[in-house]
Amino acid sequence: MGVMKPNRAVGIVGYGAYVPRYRLPAQEVAELWTEGNMQLPVREKSVPGLDEDVATMSIEAARNALARSGGLLPSRIGAVWVGSESHPYAVKPTSTIVAEAIGATPYTTAADWQFACKAGTEAIQAAIGLVGSGMADYALAIGMDAAQGRPGDALEYTAGAGGAAFVIGPAEASLAVFEGSVSYVTDTPDFWRRQYEKFPEHAGRFTGEPAYFHHISSSVSQLLTEMNLKASDFTYAVFHQPNAKFPMKVGEDLGFTREQIKPGLLVNEIGNTYAGSSLIGLTAVLDIAKPGQRILLASFGSGAGSDAFSLLVQGRREGVQAPGTRDYINRRTQIDYAMYARLKGNYKLN
Amino acid sequence: MEVARFWRTKGQRYQLVGEVCPSCGEKIFPPRDVCPACEKEAKTPYTFSGKGEVYSYSTIYSAPEGFEKYAPYTVALVRLAEGPLVTAQLTDVDAQDVKVGMPVEMVTRVLREDGERGMVVYGYKFRPVCANQGAAAQQI
């Protein structure tokens, strides 16, 4: 199957981001475990507060998305779908908590999605189908994570917290329209977490070529070929960002320039927000994009797969009472490793 | 917190759903079905904006059971924009930065966890109003 398009045109009606206020410089991690002798994959990462998790962060992003949806009543939202790999409960949906908090209950579908770092774009693709078929007029798709990294592991430098929420709806009410999307998946075990385990395992360098690069290159190439588009037709390109190097390399390999990639590249400032990673990059781009501009979005989820989307910007919302993505990034409280360990619950208190 | 009480109060905890008095227009929070101003029946739901300011506050260093891991934290009396005075925790702010009169907004956060196996209890807290340069930028 090639490019996917719904029966009726669908777009992003509203969007909202969230990033917690704490930042841990990667140098803090390097000092502790390598005496500072480590090439840092990012500058710093975001860390959730003691009272934050995927439910609370999703609620705030969803409220921001609603604030940007031109007065849409929450009761008109036919789906509340939260994609994450750090849902607060093993059994008990995050999505019902979010749906209740934004006033979308009770006549709505609610579900939690899981596909490592592409759980959020997966929810978006399904939402395009739900709205595109006419089963619902509006659907809320969220990608959000409070990522875990084992102390001392390479992931500890980058595993961040944050994400974004999108109200998906009819094209005529949308800020940006989905022109088409591709999903490319294979059984590639590059990263996983078993039941009851606290930290994920990964296959080291195997997460690069056969996993990240192969899947994103495949989904994006297919999208461009099938839609008869080339890299230069896009003003912006946003890729999944596990570190600062990978998205730049995959983008340039596909023919995109640094200027197209940079506005949506947030990983140096907030780390890898997993299911939120490419999606919060998209919100940073939507904050500055102008009508007529085209955006490429490509996620990657370990296990593995990539969803690629072509979006055409068609409007802007005036006077929105919601913080922009940069507002959250600029709201920054630096912490040291000792405080980080406390916020992550790594001290035994009794 | 027992499950039934948790479930029954979710509207007020997640969304600041209180009541408005149909007789005198008083906004009521938490909901109590009787207007504290005119003493008439008041059962009409009303969702508060979540905006307010710090009326008074105190920082807790010796926390009660269930809240130990959050200490030190600041609790405040918040005067909601619509009138009522609400007791709540402040969040995303260091104790030395809290001031009487400081504008705050409601956020939904984890209030406590009932141990490793129990429920996660979510509810309202207040934080300093988040900068909103995004709105300004979008108006250009």
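Fair warning: this is a prediction, and the values are worked out from it, not measured in the lab. First the proteins, then the strands, lettered A, B, ... as listed; each starts at 1.
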Can you tell me which portion of [X] sits under 4.5 Å from chain B's heavy atoms? Options are side chain, backbone, both or neither.
{"X": "A:Arg21", "result": "side chain"}
{"X": "A:Tyr328", "result": "side chain"}
{"X": "A:Ile59", "result": "side chain"}

Open item on the list: Looking at every non-hydrogen atom in both residues, tell me the closest pair between B:Asp92 and A:Tyr18 and how far apart they are.
Closed with: OD2-OH, 4.1 Å
Open item on the list: Given 3.5 Å as the limit, does a donor-acceptor pair link the side chain of A:Arg342 with the main chain of B:Lys69, or not?
Closed with: yes
- [ ] Determine yes or no for a side-chain-to-main-chain donor-acceptor pair under 3.5 angstrom, with A:Glu100 supplying the side chain and B:Gln15 the backbone.
- [x] no
Please say whether more than 12 non-hydrogen atoms of neighbouring residues, nucleotides or ligands are located less than 6.0 Å from [atom1] in [X].
{"X": "A:Lys290", "atom1": "NZ", "answer": "no"}
{"X": "A:Tyr107", "atom1": "OH", "answer": "no"}
{"X": "B:Tyr46", "atom1": "OH", "answer": "yes"}

Task: Which atoms of B:Tyr122 approach chain A - backbone, side chain, both or neither, heavy atom under 4.5 Å - done: side chain
Open item on the list: At a 4.5 Å cut-off on heavy atoms, which part of B:Val93 comes close to chain A: side chain, backbone, both, or neither?
Closed with: backbone
Open item on the list: Please report the interatomic distance SG(B:Cys130) to CD(A:Glu60), rounded to the nearest 0.5 Å.
Closed with: 6.5 Å
- [ ] Find the distance between OG1 (A:Thr56) and CG (B:Leu111) and round it off to the nearest 0.5 Å.
- [x] 11.0 Å
Open item on the list: For residues 82-97 of chain A, give me every residue with a non-hydrogen atom less than 4.5 Å from any non-hydrogen atom of chain B.
Closed with: A:Pro88, A:Tyr89, A:Ile97
Open item on the list: For a 4.5 angstrom cut-off between non-hydrogen side-chain atoms, does A:Asp53 reach B:Val110?
Closed with: yes
Open item on the list: Going by the rule salt bridge (charged side-chain N to carboxylate O under 4.0 Å, His left out), which residues pair with B:Lys51 if we only count those two or more places apart in sequence or in a different chain?
Closed with: B:Glu105
